[in-house]
Every structure is written in structure tokens, then in C-alpha cells.
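The structure under discussion appears below in the form of C-alpha cells.
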Amino acid sequence: MDAADPVAEVAGAVLESAGELAGNGARSGAKLDRPPKPEFGDYSSNVPMLLAPAMRRPPREVAEQLAERVRGRLGGALERAEVAGPGFLNLFMSDEWYRAAVAAAVAAGDDYGRVAPTDREKVMVEFVSANPTGPPNAATGRHAAYGDALARILEFAGHEVEREYYVNDFGSQVQRFGESIRARARGEEPPEDGYQGDYVVDVAKQIDGAADMDVDELARRGVELMLESMRGTMERYRVRFDTFFRESELHAGEVERALEQLEGAGHVYESEGARWLRTTQFGDDKDRVLTRGTGAATYFAADIAYHQHKRERGFDRLIDVWGADHHGYVTRMKAAFEALGGDPDHLELVIMQLVNLMEGGQRAQMSKRAGTIVTLDELIDDIGVDAARFYMLQRSHDTTLDLDLRLAREQSQENPVYYVQYAHARIASILRKAGDERVADALSKDLAASEEVLHPSARALVKRLLELPAEVQTAADRRAPHRMTTYAHDVAQAFSAFYRDVRVVGAAEEGGDEDFRLALSAATKRVIARSLDLLGVEAPDHM
RNA sequence: GCCCCGAUAGCUCAGCUGGAUAGAGCGACUCCCUCCUAAGGAGUAGGCCGCAGGUUCGAAUCCUGCUCGGGGCGCCA
């Protein structure tokens with residue numbers, strides 16, 4: 001049997017058998033599922049129903065033929081195979097198979113769950129990229145948790161990943177930031193369209209002679225101070241960026257170069273004194289301005305240069321994490337990317353839906369401009385990094401997230417994250433009780449040779465652990481870190497049932513194999529730790 | 001008007017590249033610590049999976065149309 005992936009071995013047996021029956025063409029859509037009820041076996045396949053039309057036989061008859069061949073292939077790993085319902089093939093695995101499966105997971109050690117990509121890519125994940133004119137807020141927290149977790153997952157799935165923060169340190173907003181700092185330094189109110197928040201006062205205090213300083217210089221220094229503070233918050237939030245790329249760098253020639261390239265490709269025209277990109281050629285509903293009548297480049301032009309710059313840095317794939325308010329920007333960005341010769345499929349623009357910070361049912365506003373903010377730091381102070389990250393990652397990125405502070409605060413002990421962490425700590429406690437030497441000894445045993453008769457709870461737990469590689473793959477492929485939160489919870493739950501039904505330390509007293517149970521517990525601990533790590537959440541040994 | 005996202009249990013949401021009797025957490029109610037951590041466990045109640053059609057052996061899942069909610073439609077960034 002394939003020691004590396006017991007589930008793949010089962011799937012392979014089914015697919016190969018199907019190929020023998022109907023030829024290799026008839027396999028698409030074939031799946032190995034985990035059935036909803038124990039009576040339906042450990043694994044089931046819909047293959048018979050898919051093959052039936054091609055074979056011109058009733059699905060259940062096809063299933064019988066398939067069962068025969070699968071039995072031959074799997075031998076002792078299979079307890080029995082049954083045909084059920086409209087034509088499902090249900091497989092019941094033997095203890096022998098389960099023991100070998102645990103042995104395989106244990107043997108993989110900390111690498112368990114790591115998947116080998118068919119196509120290893122160099123990926124850039126650009127995220128947060130919040131304007132450095134205000135403190136990070138809850139939305140920043142969602143973007144940061146998502147981008148970071150996605151990067152962790154892609155790395156674990158075998159890709160080479162770089163994390164970048166694009167700093168918008170250029171243009172009118174930054175200008176207004178400088179003006180606001182100067183006003184505060186002079187003890188005045190910021191301009192109407194400036195930044196009203198108190199943090200501007202703090203920034204002003206940190207810059208000597210701010211009252212008389214040039215606005216551009218003030219803006220520059222202010223941005224650097226904000227960035228420094230952002231970096232601190234991100235570090236606290238366990239988010240690390242490989243690079244901070246400043247928009248201003250692009251205005252020293254990169255933007256002009258990108259525009260010339262577009263012009264050379266014949267996608268640019270002049271009208272009403274402005275230069276336009278013919279994005280309509282690439283599916284946009286209207287053309288977009290590159291340089292204004294004043295001659296100044298638009299933000300769009302800079303962004304084009306930025307993405308061209310990314311391409312030139314040799315990435316196979318660019319993933320940008322954007323806020324919901326940027327969705328209208330997607331088509332034109334992809335259009336520009338394509339106009340420059342890029343493959344639009346290799347530029348992924350992930351749109352994060354909003355975070356609504358609620359306070360006891362009331363909506364808390366999050367406008368950076370008005371300065372009425374619950375900052376990310378305040379959120380972390382309130383509910384902790386682990387809960388904050390887990391909460392932010394629990395939901396799919398394309399659903400609006402309601403985060404009720406009062407609830408998160410009150411329930412911080414009842415939070416799902418604590419449930420998962422508790423399971424981890426509990427296993428740590430069991431292993432402590434057994435002792436390091438006992439555990440090391442158990443892990444070194446030939447578990448496949450164990451005579452442990454698995455309790456249904458143990459079987460359920462093993463099956464959960466075996467899902468890790470597929471979950472990692474799915475989370476990576478679908479850019480869906482939230483999958484790992486559900487999975488982590490499921491594993492914790494499966495362990496709780498195992499803990500309830502099966503004694504680990506002192507297993508011999510109830511006729512069990514302590515070595516096997518210790519190893520299974522250790523493997524579970526690793527899986528939980530891994531799942532949490534991919535989310536950037538800690539896995540404590542004590543709680 | 002156009003574009004994006006959503007609509008699943010009282011609340012917040014998983015499940016969505018089609019499978020068997022639709023799940024979790026929280027909330028409500030009833031129980032369980034002589035026993036490796038009760039931050040735990042067992043159970044009960046709670047669903048026209050927004051509506052209407054369509055495709056299919058099979059639809060919460062795919063397609064079309066509608067309804068409602070959120071967001072966006074600058075020579076702002």
C-alpha cells in the first residue's frame with residue numbers, strides 16, 4: 001500500500017478499476033467522498049453512476065462489477081465493499097488500513113499535510129496596502145489576516161511566496177496628510193478635507209519643527225512614522241511583509257516607461273487633453289484616463305507601472321487583496337495588465353468584503369478620514385491576537401463580516417479558537433502524563449503491526465487527520481484560508497470524542513495498545529498545531 | 001441604469017467545480033466531573049437552503065428571471 005497517502009491509495013484503486021471497466025475516458029467527475037452516515041462506509045464513490053451511461057448498464061450493476069475489482073486491488077485494507085442507493089460504491093476500511101494510515105501520518109512528522117504542487121509557482125501576495133495616512137483598523141485586520149494566512153497556506157502547499165505592502169505615499173491624499181500635520185503642529189484644526197483623527201496630533205509632536213516645515217517634507221516624514229507604527233502593529237498581529245514598495249519610487253520614470261510601452265502597443269490615445277487607455281478592448285465598459293489634462297499621472301497609471309514592475313520581478317502569479325470598494329477597479333487593472341502583454345489569468349484580484357464592527361448591535365463607523373475608528377491595536381487589546389485572527393479568518397472573504405465587539409469580548413472564553421486550542425493543550429497534557437520517553441518510544445514503534453482494534457471514535461479521528469492534505473490543497477487552490485478554521489474545529493471535535501471514549505495513558509487496562517493511542521494523539525496534536533499555524537494562531541501546551 | 005458580493009436554524013455563518021436523512025458556533029432547554037484539562041461531554045427544540053422557472057437519474061450547489069440587503073460606478077487615492 002502507498003505509505004504516503006492512504007486515501008489516495010483508495011481513490012487510485014477505484015479509479016483504476018473504473019478505467020478497466022470503461023476505458024480511461026469515462027472518469028471525469030469521479031470522486032471519492034466521505035459519506036454522511038457511518039452506514040455508508042468510510043469512503044464512497046459516485047463512479048458507477050458516471051460509468052453507467054457509457055457502459056449501458058444499470059448503475060447498481062456497474063457498482064457490483066466495480067466492487068469486485070476494488071476488492072481485488074485493496075485486499076486486506078478493505079473490510080468490505082457495498083453497493084447502495086442509486087449506485088454508490090461504499091467502502092468499509094479494515095483496522096489494518098487504519099493502522100497503516102496512522103503509521104503514515106506519524107512517519108511524515110511535521111511535514112504531514114504538506115502537498116507537492118504539480119506546478120510550483122513563484123507567487124506574490126500583495127495585501128493590506130492601506131494608505132499610510134491613518135492607523136490600521138478592523139478592515140486592515142481582516143486583510144492582514146487573510147493575506148498572511150493565504151501566504152502561509154500557499155507556502156505549505158509548495159509554492160514560493162513573497163508578501164508585499166504597496167505604500168501609497170504619493171498624490172493628493174498624502175498632500176492633505178502633510179497639511180493636516182502642519183495644522184496640528186500649529187495648534188490649528190486640519191483642513192476640512194484633511195485628516196481629523198487625534199493620531200495626527202501625535203504625529204505632529206514627533207516631528208521637530210513641524211509647524212514651519214514644508215508640506216511635502218512633512219507628508220514624507222508623517223508617512224514614514226505611520227509606516228513604522230503599522231509595522232509594529234503587524235508584527236504584533238504576527239504578519240510579516242517581505243517588502244514595502246513605495247508608489248513614489250514609480251514616479252521616477254517607471255510610470256512614464258509603462259505608459260510608453262502601452263503607447264507603443266497602440267492602446268493609448270489622446271482626447272480632451274488627457275491620455276487614455278483603451279481598456280474597452282479588453283472588456284471594460286469605458287476607456288480610462290492615464291494622464292490628466294494637467295499632465296499628472298493618475299493613480300491608475302501608477303498602478304499599471306506597479307504591476308508591470310511586479311511582472312518584471314519574475315513572479316508567475318500575482319495575487320492582490322483588495323477591499324470591496326475597489327471592485328470596480330478589477331476590470332481595468334486586468335485590461336491594463338493584458339495590454340502590457342501579461343496573462344490576465346495570472347493576475348488575481350481578490351476582493352475582500354467589508355468588516356462591520358458592531359458594538360452591541362450598533363454599527364461602529366470605520367472612517368479613517370473622520371478619525372472615528374476602532375483601531376486594530378484596540379481590537380487586539382480587546383480580544384487578543386488569536387481570537388482576532390481566528391474571527392477574521394472564519395468567514396469566506398466574499399461575505400460581509402459582522403464582528404460584534406461586545407460579543408467577542410464577552411465570549412472570548414467561549415470562542416471557537418479556544419475550543420481548538422484547548423484540544424491541543426489537552427493532548428499536550430496527556431503526552432506530558434505519559435512522559436517524553438514513553439512518547440518517543442511509542443512513535444518509534446511499527447504502528448502498522450499494532451493489534452489495536454479501533455474504536456469508532458478513533459476511526460473517525462483518523463479519517464479527519466487524513467483529510468489534512470486535501471484541505472490544504474483546497475484552501476490553497478481556492479484561496480480560502482477560512483477552510484482551515486472549520487477543519488481545525490472538526491479535528492478538535494473528533495479528538496474530544498476520542499478522548500471521551502478511549503483511554504490513552506493506561507490503554508492496556510482496557511485491552512488497548514497504548515503505543516498506538518499515544519502515536520495517534522501525537523499525530524492529532526501536530527495536525528491541530530499545523531492547522532492553527534496556517535492561520536497564524538498559536539497552539540498552546542497549557543491553558 | 002450598470003457592475004461586484006450576499007440571502008441556509010432565533011443570531012453569526014460553514015457547506016456551493018451536482019450526490020444519499022443540510023451542518024457548526026453562539027443563544028434556549030435537560031442532564032454529566034471517584035476517571036489522561038468540565039475552556040469539556042451527552043441530549044432536546046429550532047430549516048419551503050430568498051422567490052419562480054430550467055438542466056439532471058439526482059440541485060442548497062449549475063443556468064435564467066425576479067425580490068431584498070451591502071458595496072461600487074471621478075481627469076480621487
Side-chain angles (χ1 to χ4, degrees), chain A residues 29 31 33 35-37 39-40 44-46 49-50 52-53 58-59 84-88 90 131 133 168 170-176 193 247 271-276 285-286 288-303 323-331 351-354 356 358 361 391 394-404 407 410-423 425-434 477-478 480 482-483 485-487 489-490 492-493 496-497 499-507 517-518 521 542-543:
Chain A
K31 283 197 307 189
D33 282 318
K37 305 274 284 182
E39 302 95 272
F40 297 149
S44 78
S45 176
N46 60 350
M49 287 174 284
L50 297 175
F88 287 102
N90 293 340
N131 283 343
T133 50
N168 301 130
F170 191 88
S172 57
Q173 292 206 36
V174 177
Q175 185 77 18
R176 280 202 295 278
D193 58 351
E247 181 189 348
S271 172
E272 303 161 60
R275 272 200 287 179
W276 299 71
D285 52 4
K286 58 180 177 184
R288 308 290 172 176
V289 173
L290 293 169
T291 59
R292 286 165 258 202
T294 62
T298 59
Y299 178 79
F300 181 43
D303 225 3
D325 55 343
H326 278 62
H327 97 265
Y329 210 71
V330 170
T331 311
I351 299 300
M352 301 289 293
Q353 293 302 314
L354 303 181
N356 293 324
M358 313 292 280
Y391 250 91
Q394 233 181 335
R395 311 310 184 194
S396 161
H397 67 84
D398 54 15
T399 188
T400 308
L401 181 70
D402 279 0
L403 203 163
D404 194 313
L407 222 59
E410 281 173 5
Q411 296 175 354
S412 62
Q413 298 297 303
E414 298 292 323
N415 229 305
V417 66
Y418 292 100
Y419 180 85
V420 178
Q421 291 182 319
Y422 184 70
R426 191 183 241 172
I427 297 171
S429 168
I430 292 172
L431 299 183
R432 268 197 303 277
K433 178 158 184 168
D477 289 349
R478 300 193 195 173
H482 75 278
R483 286 232 157 209
T485 66
T486 304
Y487 176 71
H489 187 270
D490 287 346
Q493 208 162 45
S496 293
Y499 171 82
R500 176 194 65 219
D501 296 332
V502 178
R503 189 156 185 89
V504 178
V505 176
R517 295 178 185 180
L518 278 173
S521 300
H542 297 271
M543 282 185 82

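In the text below, chain A, chain B and the rest are named by the order of the sequence lines, each starting its count at 1. As a basis for the values below, the full set of heavy atoms in this structure was taken, side chains included, without hydrogen atoms, waters or symmetry mates.
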side-chain contact (heavy atoms from CB on, under 4.5 Å) against A:Ala497, all qualifying residues, sequence neighbours excluded
A:Ser457, A:Arg500
Report the residues that fulfil side-chain contact (heavy atoms from CB on, under 4.5 Å) with A:Arg395, sequence neighbours left out, ordered by chain and then residue number.
A:Arg142, A:Thr399, A:Leu401
Sugar-phosphate means primed atoms, P, OP1 and OP2; the rest is base. With that split, encode nucleotides 32-42 of chain B 5' to 3' as B, S or - using protein heavy atoms under 4.0 Å.
---SBBSBSSS
Sorted by chain and residue number, the ring pair (Phe, Tyr, Trp, His ring centres under 6.0 Å) partners of A:His327 (sequence neighbours excluded) come out as none
Applying ring pair (Phe, Tyr, Trp, His ring centres under 6.0 Å) to A:Tyr422 and not counting sequence neighbours gives none
Judged by whether its glycosidic angle lies within 90° of 0, B:rC33 is syn
Contacts of A:Tyr329 and A:Ala480 projected onto RNA chain B by closest heavy atom; the upstream (5') one is A:Ala480
By nearest heavy atom, map A:Phe40 and A:Asn415 onto RNA chain B; which one lands nearer the 5' end?
A:Phe40
Do A:Ser396 and A:Asp398 have side-chain atoms, one donor and one acceptor, less than 3.5 Å apart?
yes
All salt bridge (charged side-chain N to carboxylate O under 4.0 Å, His left out) counterparts of A:Asp477, not counting sequence neighbours:
none
Suppose you measure atom [atom1] in [N] against the same atom in [M]; what distance do you get, rounded to whole Å?
{"N": "B:rC49", "M": "B:rA20", "atom1": "P", "value": "15 Å"}
{"N": "B:rC29", "M": "B:rC66", "atom1": "C1'", "value": "40 Å"}
{"N": "B:rG70", "M": "B:rC26", "atom1": "P", "value": "29 Å"}
{"N": "B:rC33", "M": "B:rA38", "atom1": "C1'", "value": "6 Å"}
{"N": "B:rC57", "M": "B:rC13", "atom1": "P", "value": "37 Å"}
{"N": "B:rU44", "M": "B:rG10", "atom1": "C1'", "value": "16 Å"}

Can you tell me the base-pairing partner of B:rG1? Count Watson-Crick or G-U wobble geometry only, both distances below 3.5 Å, and say none if there is no partner.
B:rC73
